[in-house]
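Each chain gets a letter, A, B and so on, in the order its sequence line appears, and its residues count up from 1.
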Amino acid sequence: MIATQLLYVGCGILLLILGLWSFLVHPPLLRKLIAINVMGAGVFHILVAIAYRGIDTPPDPVPHALVLTGIVVAVSATALALAFGQRLDRDDDR
Amino acid sequence: MIDSLVLAILAPLLGAVAVTLLPSQAPRLGLAAAVLAAAAGLSVTAGVWTNGVLRSELGGWGVPLAIALQADGLSAALLGMSSLVALSVSLYAVGYFKPSADGEPTADDATARHFWPLWLLLWSALNALFLAGDLFNLYVTLELLGLSAAALGALTGSREAVEANLRYLLVGLLGSLIYLLGVALIYTAYGVLDIGLLAEIVTPGPVAATAMALMLGGLMLKAALFPLHFWLPPAHANAPAPVSAALSALVVKAAFYLVLRLWLDLFGPITPLSAANLLGVLGAAAILWGSWRALRAERLKLLAAYSTVAQMGYLFIGFPLIAAAAPGPARDNLIAAVVLLALTHGFAKAGLFLAAGMVKKTAGHDRIDDLGGAAQALPAATFTIGLAGVALIGLPPSGTFVAKWIMLEQSLIMGHWWWVPVIMLGTLLAIGYVFRVLSRAFNREPTPYRFVSDARAEVPALLLGALAAGVLGLAAQPLWTLLLHGVIG
């Protein structure tokens with residue numbers, strides 16, 4: 001089952017790189033935000049994959065706790081960034 | 001008896017809840033929470049001073065399961081500095097966000113209402129960061145700090161402020177995700193996150209090297225090390241004065257503290273010298289570029305922000321010197337010098353930003369070339385800028401003088417002479433930008449007879465400046481004693 005784990009880690013790294021690339025090259029705020037969330041998903045993917053300890057053993061809870069906290073942080077940061085973006089948009093309309 | 005470590009985090013946190021529930025009493029409640037939080041922070045420093053390393057495991061769970069809080073000499077020193085600076089900033093903020101005289105609600109009132117909860121949250125995150133004992137809690141506190149700092153920086157709601165802080169937020173997020181990736185790597189390889197446990201089992205190799213590159217890279221973004229400093233000047237220059245002071249003196253210092261902590265506890269012994277040299281070269285570039293831009297800045301707050309970029313550079317020059325020094329008194333002195341530099345800069349930059357805020361409020365702008373009259377009308381604020389300048393330049397008896405002296409001495413002793421011209425040139429440029437501001441204060445209008453114009457706002461700034469310029473240099477010895485608990489000796 002080590003192959004499955006590698007597949008998941010590999011996907012995580014791929015997501016991370018895609019997100020990073022998109023974050024760096026696309027100026028619009030919304031694209032940057034989505035990119036950083038894709039990056040975050042990549043990191044969480046990796047963390048979930050390393051929690052796997054074989055089919056008979058329960059997964060390691062510590063990385064799961066990290067992912068949960070990470071998701072909360074990502075949601076709040078996205079909300080704050082969207083609020084900033086909305087403020088800038090409203091200024092443009094005036 | 002509540003643990004002082006817990007209280008240092010809990011006091012500002014509960015204060016933040018209280019000011020959110022009772023916004024009409026925000027300044028009074030906020031100030032009470034600030035006094036309590038500063039007392040708790042200083043009592044931790046005193047506790048480490050008398051009893052050595054303090055540790056507390058929340059909920060009674062043992063390592064590696066518990067959330068462990070730990071204070072050694074390094075965290076105690078920074079905690080003491082941040083407690084004093086944060087208390088002064090709180091005192092200043094009460095005067096700065098004063099409600100308008102006629103009782104009409106103004107835009108300032110809304111800013112003031114939002115200031116207190118965010119500020120106390122930031123303080124709580126900062127204390128938690130200094131006291132966190134494992135890599136993941138450091139990630140969480142780093143994020144809390146970044147979020148509250150970005151929200152605080154955008155308080156004025158002006159377009160420049162929102163844009164600058166949006167960029168700061170996104171850069172901060174990128175930095176912490178990269179850091180988190182490093183943490184994931186460490187956990188995969190070693191299965192623990194507690195720094196103390198990790199220090200015993202971490203071994204040189206590709207995994208540790210990659211993890212270090214990721215974690216330090218993420219933190220360098222947050223510590224605004226050249227060339228990753230681009231977000232700092234606009235974000236710090238456009239925030240309200242008390243916020244600028246906190247951001248420049250404390251928040252970037254927190255990221256630097258993490259770099260130093262990881263370096264000394266985990267990665268230092270297993271890192272090749274070239275990595276330390278890279279940090280030093282970037283630091284040298286930061287000194288030259290930041291000082292140059294400060295010299296050319298048109299606005300006082302932008303000057304102060306670029307000066308932060310430069311001063312962070314000095315801290316990073318410490319790494320190649322620390323890495324090259326053999327263990328012993330020389331290395332201990334270098335570590336203490338770097339910490340002393342960070343503390344002095346914290347006091348000096350906070351004092352400078354608070355004084356700049358006074359000048360800006362009186363003049364209605366902060367264009368350096370037109371500041372003459374305003375600076376002259378505020379002797380105490382101008383004197384504060386002078387004191388902070390003494391510390392930024394590194395004139396005796398400031399802490400910067402002692403620290404730079406040790407760094408110069410060691411670079412010469414070890415034959416690493418190339419750091420000497422960099423430090424010298426940075427000092428010369430600092431003289432230039434400090435005197436550019438001060439010279440404007442001596443050319444117009446009769447100087448008023450009052451030294452202090454608004455005691456509540458000026459006295460905290462003045463005390464911070466005096467601490468940076470006088471006290472830290474003359475009384476630097478206690479820092480060595482404090483650092484003996486943990487990082488040196």
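Rounding to the nearest 0.5 Å places CE of A:Met39 at 10.0 Å from CG of B:Leu180. Here the CG-OG1 distance, from B:Asn137 to A:Thr69, works out to 9.0 Å after rounding to the nearest 0.5 Å. Note that CZ of A:Arg90 and CZ of B:Arg159 are 12.0 Å apart. Values are rounded to the nearest 0.5 Å. Going from atom CG of A:Leu66 over to atom OH of B:Tyr139 covers 9.5 Å, rounded to the nearest 0.5 Å.
Taking each heavy atom of A:Ala77 and B:Leu173 in turn, the nearest pair found is CB-CD2, 3.5 Å. When all heavy atoms of B:Tyr187 and A:Pro63 are compared, the closest pair comes out as CE2-CG, 3.6 Å. Nearest heavy-atom pair, B:Leu147 versus A:Ser76, reported as atom, atom and distance to 0.1 Å: CD1-CB, 4.1 Å.
A side chain to side chain contact (heavy atoms under 4.5 Å, CB included) with B:Leu166 is found for exactly one of A:Leu33, A:Leu29, A:Leu80, A:Leu82, namely A:Leu29.
A:Ile46 touches chain B through its side chain: at least one heavy atom from C-beta onward sits under 4.5 Å away, while N, CA, C and O do not. Only the side chain of A:Ile50 comes within less than 4.5 Å of a heavy atom in chain B; its backbone stays farther off. With a 4.5 Å cut-off on non-hydrogen atoms, A:Ile36 touches chain B through its backbone and its side chain both. Contact of B:Leu170 with chain A is made through backbone and side chain together, with heavy-atom distances under 4.5 Å.
Residue A:Tyr8 places its OH atom among 12 or fewer non-hydrogen atoms of other residues, nucleotides or ligands, all under 6.0 Å distant.
The candidate with the highest count of non-hydrogen atom pairs below 4.5 Å against chain A, out of B:Leu181, B:Leu174, B:Leu185, B:Asn165, is B:Leu174.
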